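Working notes, beginning with the structure itself.
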Amino acid sequence: MDLDQVRAEWDAAAATFDLEPDHGLLDPGVRNAWWQLLEPLLPVASSRVADLGCGTGTLAVLLAENGHEVTGVDLSPEMIARARAKAAAAGLAPRFIVGDAASPALPSGSLDVVLARHVVWALPAPATAIRAWVDLLAPGGILLLVEGRWSTGAGLAAEQVRALLPADVHDVQVIELPDPALWGKEIHDQRYVLVARI
């Protein structure tokens with residue numbers, strides 16, 4: 001599938017994307033669960049964060065609410081339009097860019113955190129993308145990859161994602177995410193965040 005097809009697919013999904021509990025974080029309990037997960041993994045507030053494949057910007061807005069300087073990147077103009085509206089409604093100003101999350105047009109070494117949620121599994125060349133993401137990080141930066149191997153058969157197991165990391169990434173931790181509070185429902189598959197400190 002080429003980028004135009006992918007863009008069209010996600011544009012079409014934008015209107016209902018936030019209805020999934022872990023996408024829109026409309027339930028305060030789910031929203032709080034995501035913040036409780038992310039807060040201890042992040043550096044101090046005002047960190048420079050890129051949310052790659054940000055969708056409707058829910059996590060970007062959550063991080064901006066808590067003092068981080070966030071840039072969201074997504075291929076879908078419809079997703080980005082919704083992200084901008086969401087941020088404006090919250091009185092926040094994270095930056096949102098229409099662009100390819102696999103090769104974001106951001107300066108090398110300019111970020112403290114690169115976050116991608118449910119993106120790696122969908123990329124045609126995930127190892128290449130992760131290498132590019134690592135290069136965006138300043139020394140001491142953190143790569144956060146939220147992924148899963150879902151009951152549908154889609155996705156990537158943690159071992160598969162770990163194998164995609166560049167050789168110069170050494171400090172790697174996988175945190176399993178079975179808590180239904182994060183997903184708004186009971187789950188019966190592998191969901192996790194891979195944390196790599198550069």
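These values consider heavy atoms only, across backbone and side chains, with no hydrogens, waters or symmetry-generated copies. The model shown is predicted, which means the values in this text are computed figures rather than measured ones. Along the sequence shown, residues are numbered consecutively beginning with 1.
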(request) Before giving the answer on side-chain contact (heavy atoms from CB on, under 4.5 Å), spell out for Val70 and Cys54 the whole-Å C-alpha distance, their side-chain angles and the decisive distance to 0.1 Å. (result) CA-CA 11 Å; Val70 188; Cys54 67; over 6 Å; no
(request) Before giving the answer on side-chain contact (heavy atoms from CB on, under 4.5 Å), spell out for Tyr192 and Ile175 the whole-Å C-alpha distance, their side-chain angles and the decisive distance to 0.1 Å. (result) CA-CA 5 Å; Tyr192 58 90; Ile175 302 170; over 6 Å; no
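Between Leu137 and Ser110, every side-chain heavy-atom pair lies at or beyond the 4.5 Å cut-off. Between Met79 and Phe17 there is a side-chain heavy-atom pair separated by less than 4.5 Å. Put simply, the side chain of Asp51 does not reach to within 4.5 Å of the side chain of Thr71, judged on heavy atoms. The closest side-chain heavy-atom distance from Val98 to Pro77 is below 4.5 Å. Two residues are said to be in side-chain contact when any heavy atoms from C-beta on lie closer than 4.5 Å; Ile97 and Pro104 fail this criterion. Looking at heavy atoms from C-beta onward, Ile142 lies out of side-chain contact with Leu115 at the 4.5 angstrom threshold.
Hydrophobic cluster membership differs between Val49 and Leu111, with clusters built from Ile, Leu, Val, Met, Phe, Trp and Tyr side chains linked at under 4.5 angstrom. A single hydrophobic cluster is seen to contain both Val119 and Leu194, as judged by linkage of ILVMFWY side chains at heavy-atom distances under 4.5 Å, directly or through other members. If you chain together hydrophobic residues whose side chains sit under 4.5 Å apart, Val114 and Val193 never meet in one group. If you chain together hydrophobic residues whose side chains sit under 4.5 Å apart, Leu182 and Val61 never meet in one group.
The side chain to side chain donor-acceptor pair (under 3.5 Å) search around Arg191 returns Asp189, not counting sequence neighbours. Shown here are the ring pair (Phe, Tyr, Trp, His ring centres under 6.0 Å) partners of Trp34, two or more places apart in sequence or in another chain: Trp183. Take Glu176 and apply the salt bridge (Lys or Arg N to Asp or Glu O under 4.0 Å) test, not counting sequence neighbours, and it matches no residue.
The backbone N or O of Phe96 lies less than 3.5 Å from a partner atom in the side chain of Arg84, making a donor-acceptor pair. Put simply, the side chain of Thr58 never gets that close to the backbone of Leu25: no donor and acceptor are under 3.5 Å apart. Under the 3.5 Å distance criterion, the side-chain polar atoms of Glu147 are left unmatched by any main-chain donor or acceptor of Ala157. Side chain of Trp133 to main chain of Ala101: a donor-acceptor pair is present (N/O by atom type, distance under 3.5 Å, no hydrogens or angles).
Between Arg131 and Asp135 there is a salt bridge, with a side-chain nitrogen of the basic residue lying less than 4.0 Å from a carboxylate oxygen of the acidic one. A salt bridge between Lys86 and Asp18 is present, with a side-chain N of the basic residue lying under 4.0 Å from a carboxylate O of the acidic one. A salt bridge is absent between Glu159 and Arg149; no separation between the charged side-chain nitrogens and carboxylate oxygens falls under 4.0 Å.
Relative orientation of the His118 and Trp150 rings is perpendicular, given thresholds of 30° and 60° on the angle between their planes.
Of the inter-residue distances, the one linking Leu143 atom CG with Asp171 atom CG reads 11.5 Å to the nearest 0.5 angstrom. Rounded to the nearest 0.5 Å, atoms CZ (Arg197) and CG (Leu41) are 6.5 Å apart. Between atom CG of residue Asn66 and atom OG of residue Ser47 there is a gap of 11.5 Å, rounded to the nearest 0.5 Å. Between the CZ atom of Arg82 and the OG1 atom of Thr56 there is a distance of 8.5 Å, given to the nearest 0.5 Å. Interatomic distance, Gln173 CD to Leu144 CG, rounded to the nearest 0.5 Å: 10.0 Å. In this structure, CG on Leu38 lies 9.0 Å from NE2 on His68, to the nearest 0.5 angstrom.
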